[in-house]
Asks: 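Below is a structure I'd like to ask you about.
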Protein chains: 2
Amino acid sequence: MGTRPRDKEATKAILVEAVGKVLARDGFLRVGVNSVAREAGVDKVLIYRYFGGLTGLVREFSDSRKFWPGMEDIVGPDPQAFLAQPIHEMLSTGLINYARFIRNKPLSLAIIAWMLMESNELTRAFQDTRSGMFSGLMDKARSSQGPSEIDVGSLGNLLGAAVAFLALSMRFPENYHNELVDPKAWTDVENMIRVICSKVLCDGS
Amino acid sequence: MGTRPRDKEATKAILVEAVGKVLARDGFLRVGVNSVAREAGVDKVLIYRYFGGLTGLVREFSDSRKFWPGMEDIVGPDPQAFLAQPIHEMLSTGLINYARFIRNKPLSLAIIAWMLMESNELTRAFQDTRSGMFSGLMDKARSSQGPSEIDVGSLGNLLGAAVAFLALSMRFPENYHNELVDPKAWTDVENMIRVICSKVLCDGS
DNA sequence: ATCCAATGTCACCGCATGGTGACTTTGTCA
DNA sequence: TGACAAAGTCACCATGCGGTGACATTGGAT
């Protein structure tokens, strides 16, 4: 029989990967013990034996990949150049990089949606992964700014929320009459972000 | 037996209301034939007999109430005064009214979330209800604007998306480390919206 | 070669779901 | 007073779920 050699670690890896497949293809609604095991072609009892249950498996899945943009995804390849920009350009390019990072990542979008829909031990498995990177970056940006100005962090949060919602709504364009399936619409969004950051952060007053 | 007199319309109304109760309390994940019938204290077969299935019931529910803000919710009690404002104030007050309308309406938030999560015959039942009111308002605003300026509609869409995401994320604050449970945080958001609309739409160039 | 723990499969349980047919009760109209 | 259709209840089905115990198979150490 050409069956796979018995390899616990390999099987665990298959299961972890199966979570991602189900999540990306069918959404978090379908992520369950049965569906994941079926996707992996493995008996579901191994989920309990190896991970103590679906929660443990999802947690391991959460650690296994990089769903959220890291510092380098946000600031780009040259951190020095990034930090040398005026603050409004730092924010807008950071936001645009964020948008570009998530908008074509079904897994990231699925997780964002999941965390938006319920709070249980499964979504809590993702919580820690969302590093405070973004807010840290905002603090850094804030420090290079006069104290009495518009709060860069608040503006970033607001526009980040907009980006996330637009990226999510793009998944079911027939529900939200939006045109973001067209990449050109995203360049309009990016331009709008640039205009906002520029006008809000560096114009007079 | 003090049982209710047999009244088809009353029973239908009870079922329609039960959809809203389940949706607001447990979210769309729990909206099903069994749970709704149980909530209504009525046999589920009546859902099939009276509405042809859950889809018909949800559609009737969708028509039964006002989940989305109407024109008067957005423009306020005095349309004349609203339209007399400069365009950036029209947009910001409209967005703020939108935010105030939805942010404490669990049903509206649940439906927005639902439409963000799946596209099926049930979510399609809500689709038509979302009147093109907002975009119509944007057109009106656009007409009172010079042709070469920033597009008010795009800005409104972006900030509307931000508002929607923030309102949704508020439902599970432990997932998104946000502070919007505190109403004061919303006044900050409103102020930020005002600043953005003002700086983007009326500052020079 | 033998033993044994680890690896993996299979069968089953209780429960909830969407869905349907057969039943009983009620109001109404002749 | 009956008859009858509408209103509502009940019992049931197949399916899928999370979860668990018992089984078979393998590889490695003695």
Side-chain angles (χ1 to χ4, degrees), chain A residues 1-19 21-23 25-61 110 114 117-125, chain B residues 1-19 21-23 25-61 110 114 117-125:
Chain A
M1 203 34 162
T3 176
R4 289 262 146 265
R6 301 196 162 193
D7 185 340
K8 178 177 177 178
E9 291 310 314
T11 304
K12 287 178 68 174
I14 290 175
L15 276 168
V16 168
E17 211 172 313
V19 173
K21 288 183 184 171
V22 174
L23 187 52
R25 174 168 24 91
D26 305 327
F28 75 91
L29 296 176
R30 310 284 183 235
V31 172
V33 177
N34 292 288
S35 54
V36 170
R38 203 181 308 124
E39 174 73 34
V42 148
D43 198 277
K44 63 178 172 178
V45 78
L46 300 183
I47 294 177
Y48 297 98
R49 284 230 272 264
Y50 293 160
F51 304 96
L54 190 60
T55 304
L57 173 55
V58 169
R59 189 168 292 128
E60 204 129 327
F61 166 73
W114 198 351
M117 287 311 304
E118 52 184 10
S119 175
N120 52 30
E121 63 252 334
L122 291 186
T123 60
R124 233 160 280 145
Chain B
M1 208 28 164
T3 178
R4 291 260 145 265
R6 301 197 164 194
D7 185 339
K8 179 177 177 178
E9 292 310 315
T11 304
K12 287 179 68 173
I14 289 175
L15 277 168
V16 168
E17 211 172 314
V19 173
K21 288 182 185 173
V22 174
L23 187 53
R25 176 170 18 93
D26 304 326
F28 75 91
L29 296 176
R30 310 281 181 237
V31 172
V33 178
N34 292 289
S35 54
V36 170
R38 203 181 307 124
E39 175 74 34
V42 150
D43 198 277
K44 63 179 173 179
V45 79
L46 300 183
I47 294 178
Y48 297 98
R49 284 229 273 264
Y50 293 159
F51 303 97
L54 189 60
T55 304
L57 174 54
V58 169
R59 187 167 293 125
E60 204 127 329
F61 166 73
W114 197 351
M117 288 310 304
E118 52 184 10
S119 175
N120 53 28
E121 62 254 332
L122 291 185
T123 61
R124 232 159 282 145

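Throughout, protein chains are lettered first and strands after them, A, B, ... in sequence-line order, and every chain is numbered starting at 1. Just the heavy atoms: all of them, side chains too, but no hydrogens, waters or symmetry mates, feed the values below. In this text, all values refer to a predicted model and were calculated from it rather than measured experimentally.
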Asks: Between C1' on C:dC10 and CD1 on A:I47, what's the gap in Å once rounded to a whole number?
Replies: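 Nearest whole value for this atom pair: 16 Å.
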
Asks: Think B:N34 has a side-chain N or O under 4.0 angstrom from the OP1 or OP2 of C:dA16?
Replies: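 Looking at the OP1 and OP2 atoms of C:dA16, neither is under 4.0 Å from any side-chain N or O of B:N34.
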
Asks: Rounded to whole Å, how long is the line connecting atom CG of B:D7 with atom C1' of D:dA6?
Replies: 12 Å

Asks: Is B:T11 near enough to D:dA7 that one of its side-chain N or O atoms lies under 4.0 angstrom from OP1 or OP2?
Replies: no

Asks: For residues B:L122 and B:T55, report the shortest heavy-atom separation together with the two atoms involved.
Replies: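 For B:L122 versus B:T55, the nearest heavy atoms are CD2-CA, 3.5 Å.
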
Asks: Mind checking A:S35 for me? I need base, sugar-phosphate or nothing, with any heavy atom below 4.0 Å counting as a touch.
Replies: nothing

Asks: Taking atom P of C:dG27 as reference, at what distance in whole Å does atom CD of B:E9 sit?
Replies: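 In whole Å, C:dG27 P and B:E9 CD are 17 Å from each other.
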
Asks: Within the 4.0 Å heavy-atom criterion, would you say B:R38 contacts the bases, only the backbone, or no part of the nucleic acid?
Replies: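 Answer is sugar-phosphate: B:R38 comes under 4.0 Å of backbone atoms only.
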
Asks: Considering non-hydrogen atoms only, spot the tightest contact between A:F61 and A:V16 and give its length.
Replies: CD1-O, 3.4 Å

Asks: If I take atom CG in residue A:D43 and atom P in nucleotide C:dG8, what distance separates them, rounded to the nearest angstrom?
Replies: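 The answer, rounded to whole Å, is 11 Å.
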
Asks: Find which nucleotide of DNA chain C each of A:Y50 and A:K44 is nearest to by heavy atoms, and output the residue with the more 5' nucleotide.
Replies: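 Residue closer to the 5' terminus by nearest nucleotide: A:Y50.
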
Asks: Using whole Å, what does the distance between atom C1' of nucleotide D:dA6 and atom CZ of B:R6 come to?
Replies: 8 Å

